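Inspection log for the structure reproduced underneath, given as structure tokens.
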Number of protein chains: 2
Amino acid sequence: MGARGRPRGFDRAAALEKAMEVFWARGYAGASMAELTEAMGINPPSLYAAFGSKEELFKEAVGLYAATDDGCTLTMLEGDLSTRDSIAAMLMASARSCMRPDKPSGCFLMLGATNGGPETDAAQAYLCDRRRDMGARIRARLARGIADGELPPGLDLDRVTAYFATVIKGMSIEARDGADMETLAGVARSAMLGWDAITSTQA
Amino acid sequence: MGARGRPRGFDRAAALEKAMEVFWARGYAGASMAELTEAMGINPPSLYAAFGSKEELFKEAVGLYAATDDGCTLTMLEGDLSTRDSIAAMLMASARSCMRPDKPSGCFLMLGATNGGPETDAAQAYLCDRRRDMGARIRARLARGIADGELPPGLDLDRVTAYFATVIKGMSIEARDGADMETLAGVARSAMLGWDAITSTQA
DNA sequence: CCCGTTTTGTAGGGATCGCTACGGAAATAA
DNA sequence: TTATTTCCGTAGCGATCCCTACAAAACGGG
């Protein structure tokens, strides 16, 4: 009785964090249950009792990542900075997020499930949705820039959104290929150098 | 006697092309031997006799891809165009390469082996080397631009190279997320809008 | 026609995959 | 202490992984 809400014998949050790091480094398909249980310090039955399945564990890990390691990236869009400074800050935050010490290089949302067999489709779709959501937030910030008079009405929001989303996505692969923080920061700065032309209706 | 150089009973080149498409769509780890042999129209023993192992088949498939579907991307750097036009043409070629009809979206070199367990390390490293080679070619083209007087001496070649490499890499994820050709073309154009500032020593 | 060589197809080996049934330990209450 | 409940660790499920041993079929020369 009352066993449902009873606290488990192990630290669920800590175990989830460990699982996140394994998924982050290996990807959904590449992370085996053996490696996950080993890193989490629990046995398979405990994992399934607490998280249901590998897929649900993955989704929870993605949620944790978005709320912690990748949290600052999108929050940069919600402050009082100008539109331009917001985007620049987002790019820099993304670069930093790709290069956390003692963590896998690159963004989990970008690299966590890029390919695989049919059993990975759900994980891929889930990450794809997350990335689409990221794009929607960038677009919303740009739209606010138009409303605030910082950007011209009639600006092609889809194009500008796709450009900055592409830069962020590319940084993750660049990071996993071994780029250092200075390199990624240079990419972020370079991507902003065409701001005036990019956010023009002439483009 | 003379069996070594004897032509095999099936079309090796056609089978390799089919294998390339499976690897391209599924990634190294996600492509099972069952799916590969099915697509290639041969049985496992024939595959191993002709290609040696899954890993060697993958490397041959990557080589074929680089020589065909992705061939035009880097050849854009070797023509008579100005440095600026060469880079712009490369970006557009890359966008087109990510959106070939009846082929998987995104570049095989970017998405073919992003993550996985230890058994995928060799494939990952192989693709990473290919990407590094791509960066080296971009850098060489920029260096030629300096030699030709089109770009300023003292330009930070590493930064500019990393920027354009990042855009190309990002386009592949963008493509796999469902972007259309118009979107990728807009990204390519946007990425060039800051050219003068990006290729300045002041940046 | 028969034989020797090559290629193909079947069937399966050894390992690992995600996942779960079950028996014993620990904890709680009387 | 005993009875009962809750949890955990071992062991193993069926399926699939990459790869290969073996035998039947196809080919070419006498």
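This one's a predicted model, so the numbers in the text were calculated from it and none came from an experiment. Letters A, B, ... are given to chains in the order of the sequence lines, protein chains preceding strands, and every chain is numbered from 1.
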Can you check ring-ring contact (aromatic ring centres under 6.0 Å, His included) on B/F108 and B/F58, steps first, answer last?
-> CA-CA 11 Å; B/F108 183 24; B/F58 179 76; 5.7 Å; yes
B/S/- along nucleotides 12-25 of chain C (protein heavy atoms under 4.0 Å) is -----SSBBB----
Please enumerate all protein N or O atoms sitting under 3.5 Å from an N or O of nucleotides 23-26 of chain D, with distances to 0.1 Å.
none

Hits for side-chain hydrogen bond (donor to acceptor under 3.5 Å, both in side chains) against B/D121, two or more places apart or cross-chain, chain-then-number order -> none
Whole-Å distance, B/L36 CG to D/dC17 P, equals 11 Å
Taken in chain and number order and not counting sequence neighbours, the residues that satisfy side-chain hydrogen bond (donor to acceptor under 3.5 Å, both in side chains) with B/S190 are A/R159
Separation of D/dT16 atom P from B/E38 atom CD, nearest Å, is 15 Å
Closest non-hydrogen atoms of A/S86 and A/L77, given as atom of the first, atom of the second and distance, are O-CD2, 4.1 Å
From CZ of B/F10 across to P of C/dT7 the rounded distance in Å is 10 Å
When rounded to whole Å, the CG to P distance for the pair B/L47 and D/dT20 reads 11 Å
Rounded to whole Å, CD of B/E119 lies from C1' of D/dT16 at a distance of 14 Å
A/D177 meets the salt bridge (Lys or Arg N to Asp or Glu O under 4.0 Å) criterion, sequence neighbours left out, with B/R131, B/K169
Whole-Å distance, B/R26 CZ to D/dC17 P, equals 11 Å
Any donor-acceptor N or O pair under 3.5 Å, side chains B/N43, B/S46: no
side-chain hydrogen bond (donor to acceptor under 3.5 Å, both in side chains) filter on A/E55, not counting sequence neighbours, yields none
Practice item. For the residue pair B/F164 and B/W195, categorise the inter-ring angle as parallel (less than 30°), tilted (30 to 60°) or perpendicular (more than 60°). Key: tilted
B/I42 CD1 to D/dC19 P, in whole Å, measures 13 Å
